[in-house]
Amino acid sequence: MGDVRIVSRRMVRPELIASGPPETIHLTPWDLRVITVDNIQKGILLPKPPATGGRGHDAAAMVERLELSFARALGRFYPYAGRLAVAPGSKDDAEGERMAISLRCSGEGAEFVHAVAPGVAVADITVPLCIPRVVWSFFPLDRLLGVDAIADSRPVLAAQVTELADGVFVAMSANHGVADGTTFWHFFNTWSEISRLSDGDAGCEISSPLPVHRRWFLDGCPVPIPLPFGKLEDIVGQRVDTYPPVEECFLHFSAESVRKLKAKANAEMAGTAATGTAISSLQALLAHLWRAVCRARRLAPDQKTTYHLLAGCRGRVDGIPASYAGNAVEHATAISTAGEILERGLGWAAWLLNRAVASFDEASARGRLASWPRNPGFLRMSEVVTAPHPHRTVATGSSPRFDVYGNDFGWGSPVAVRSGSGNKVDGKVTVYEGRGGGGSIALEVCLSPEAFPRLLADEEFMGMVGATD
């Protein structure tokens with residue numbers, strides 16, 4: 001498959017830059033604890049713009065349009081044109097040196113990359129069940145942790161537009177220390193709407209809401225939060241140059257398949273102690289996957305297996321607006337043995353996931369936030385891949401509620417969505433809305449090279465999988 005060649009790189013500044021001294025946004029515990037993971041990397045595959053005026057496809061005009069609309073979107077999300085900065089905190093004789101990390105809204109710009117891959121066609125990406133590795137080359141700011149942006153004053157946001165033989169891949173990478181998935185897709189939706197509606201008109205009105213950049217802290221939380229470290233590398237801990245190899249696939253589940261799994265899970269739990277618990281479509285689908293992964297990994301019946309989920313705090317924690325532009329996510333965990341997951345059925349596995357999410361409430365979220373500054377903990381992928389039994393874990397990110405296929409930049413809706421190499425470890429699962437809508441869901445699944453072929457050969461699991469893009 002063809003190589004990806006970079007044509008140009010440039011810093012794009014917000015179309016409107018506020019005068020006066022740069023604003024500083026101090027990071028919350030939600031932000032800081034994920035500053036040690038790779039950037040968020042998601043992108044969409046678009047058809048090639050139609051020919052204009054009998055001259056064929058005008059690539060230069062398309063790239064210019066995308067760059068201008070990116071700058072206009074950046075004007076709304078102006079902090080993401082800034083840079084992360086570290087300031088020394090006061091030295092505590094008992095606890096040693098301290099530092100504080102903040103986002104300085106300096107307006108230095110976000111990176112915009114133009115690339116070409118003439119040897120790659122849309123079908124090369126959408127037809128195979130297994131995702132070709134060339135897709136990782138469509139993403140900028142690759143294999144960087146959030147804290148890496150500080151030392152080299154790197155941008156916290158970058159976009160890459162890659163021209164393919166018969167399509168265009170539009171990708172973004174965002175520093176996880178300043179944005180979560182909701183904010184990521186909020187920016188993407190804003191960017192595509194501006195491109196679709198502006199047509200050269202800088203003053204067009206768009207429906208995407210303005211982001212709320214003011215960070216939310218608990219009363220009494222120190223701002224900025226002093227971190228008990230003398231240097232950034234102490235936050236990172238042990239670095240891993242490369243993650244263990246994984247294979248990845250993109251799986252579509254039709255609305256009908258999802259409905260069948262949901263009905264089966266709820267029927268299995270009827271008449272049990274869990275009667276009255278409403279298992280959701282996503283919980284049923286993820287339970288279906290969890291059971292298949294246990295089989296593919298050939299876990300012994302008494303081996304523990306863990307499923308990590310994300311619970312969004314917008315709408316769950318008072319004071320967090322829907323368009324809050326920062327991290328607002330808590331983690332929920334379900335634990336069982338492989339034997340129980342397989343023997344007790346789909347409904348029971350889904351019920352475990354349901355209980356994990358139900359255990360999250362506003363009081364627990366506030367409790368975790370209150371304790372974090374006193375005992376800060378970070379999500380480190382190095383610890384994930386070097387854990388004694390990393391192959392027993394499944395972790396799901398993203399959400400089917402994110403608007404992926406509405407990102408029409410002006411010449412057609414996306415035909416596919418894919419992610420980059422960031423945080424790709426054994427057991428990583430990314431959830432998307434299905435292209436067909438109506439309740440369909442897609443999963444991007446990463447597994448070890450040993451377990452991966454067994455997952456694809458699992459008739460019970462793959463029997464629910466639909467056609468490719």
[atom1]-[atom2] distance between [X] and [Y], expressed to the nearest 0.5 angstrom:
X    : Y    : atom1 : atom2 : value
S323 : H213 : OG    : NE2   : 9.0 Å
R295 : D458 : CZ    : CG    : 4.0 Å
L282 : L443 : CG    : CG    : 8.0 Å
H186 : S208 : NE2   : OG    : 5.5 Å
I150 : L84  : CD1   : CG    : 5.0 Å
E248 : S421 : CD    : OG    : 9.0 Å

TODO: Using the side-chain hydrogen bond (donor to acceptor under 3.5 Å, both in side chains) rule, take Q41 and D142 through it: C-alpha gap first, then chi angles, then the decisive distance, then the call.
DONE: CA-CA 8 Å; Q41 297 181 315; D142 196 33; 3.2 Å; yes
Identify the heavy atoms of [X] and [Y] that sit nearest to each other, and give their distance.
X    : Y    : answer
A416 : T126 : CB-CG2, 3.9 Å
L46  : G412 : CD2-O, 3.6 Å
A370 : L218 : N-CD1, 3.5 Å
T305 : T337 : CG2-C, 3.9 Å
S69  : W191 : OG-NE1, 3.1 Å
I40  : A179 : CD1-O, 3.4 Å

Heavy-atom donor-acceptor pair, [X] side chain to [Y] backbone, under 3.5 Å:
X    : Y    : result
D31  : V34  : no
D166 : P47  : no
N354 : A278 : yes
D152 : A149 : no
Q303 : A300 : yes
R239 : E233 : no
Q283 : S280 : yes
R196 : G410 : no
N266 : A263 : no
R291 : L342 : yes

- [ ] Determine, step by step, whether T28 and W216 satisfy the side-chain hydrogen bond (donor to acceptor under 3.5 Å, both in side chains) criterion, reporting the C-alpha distance in whole Å, the side-chain angles of both residues, the deciding distance to 0.1 Å, and the verdict.
- [x] CA-CA 7 Å; T28 71; W216 183 85; over 6 Å; no
Would you tell me whether [X] and [Y] have side-chain atoms, one donor and one acceptor, within less than 3.5 Å of each other?
X    : Y    : answer
H176 : N39  : no
T162 : Q160 : yes
E444 : S419 : yes
T396 : Y307 : yes

Determine whether [X] and [Y] make a side-chain contact, defined as any pair of heavy atoms from C-beta on separated by less than 4.5 Å.
X    : Y    : result
S195 : L66  : yes
R259 : K262 : no
V168 : L45  : no
V329 : W30  : no
E193 : T190 : no
C221 : L369 : no
V445 : L455 : yes
I101 : I225 : no

TODO: Please step through side-chain contact (heavy atoms from CB on, under 4.5 Å) for the pair L157 and L74, ending with a clear verdict.
DONE: CA-CA 10 Å; L157 179 70; L74 199 58; 3.9 Å; yes
Task: Lys/Arg cation over aromatic F138: R418, 6.0 Å, 45° cone - done: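 R418 over F138 ring: no.
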Task: Pair W372 and F378, ring centroids less than 6.0 Å apart - done: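 Under 6.0 Å, so yes.
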TODO: Could you note down all residue pairs passing salt bridge (charged side-chain N to carboxylate O under 4.0 Å, His left out) where residues 342-360 supplies at least one of them, sequence neighbours left out?
DONE: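 Residue pairs with at least one partner in residues 342-360: E340-R344.
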Are [X] and [Y] within salt-bridge range, i.e. N to O under 4.0 Å?
X    : Y    : value
R298 : E450 : no
D426 : R392 : no
R314 : D180 : yes
D38  : K424 : no

TODO: Decide side-chain contact (heavy atoms from CB on, under 4.5 Å) for F452 and C446; before the verdict, give the C-alpha distance in whole Å, the side-chain angles of both, and the deciding distance to 0.1 Å.
DONE: CA-CA 8 Å; F452 185 78; C446 297; over 6 Å; no
TODO: Go through the steps for Y405 and E433 under the test side-chain hydrogen bond (donor to acceptor under 3.5 Å, both in side chains), then give the verdict.
DONE: CA-CA 8 Å; Y405 291 98; E433 64 171 329; over 6 Å; no
Task: Stepwise side-chain hydrogen bond (donor to acceptor under 3.5 Å, both in side chains) test for E362 and S364 - done: CA-CA 6 Å; E362 182 167 359; S364 64; over 6 Å; no
Open item on the list: Counting only heavy atoms from other residues, nucleotides and ligands, does the tally under 6.0 Å from CZ of R401 exceed 12?
Closed with: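 Open.
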Parallel under 30°, tilted from 30 to 60°, perpendicular over 60°: which one fits the rings of [X] and [Y]?
X    : Y    : answer
F77  : Y80  : parallel
W185 : F402 : tilted
F70  : F112 : tilted

Task: E247 vs C130, side-chain contact (heavy atoms from CB on, under 4.5 Å): CA-CA, chis, key distance, verdict - done: CA-CA 7 Å; E247 299 292 335; C130 301; 5.6 Å; no
Task: Residue pair L103, R83: steps toward the side-chain contact (heavy atoms from CB on, under 4.5 Å) verdict - done: CA-CA 6 Å; L103 177 59; R83 296 292 183 268; 5.8 Å; no
Open item on the list: Here's a test for you: under side chain to side chain contact (heavy atoms under 4.5 Å, CB included), which of V7, V4, V116 qualifies with E163?
Closed with: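 With E163 as partner, V7, V4, V116 yield a single side chain to side chain contact (heavy atoms under 4.5 Å, CB included), made by V116.
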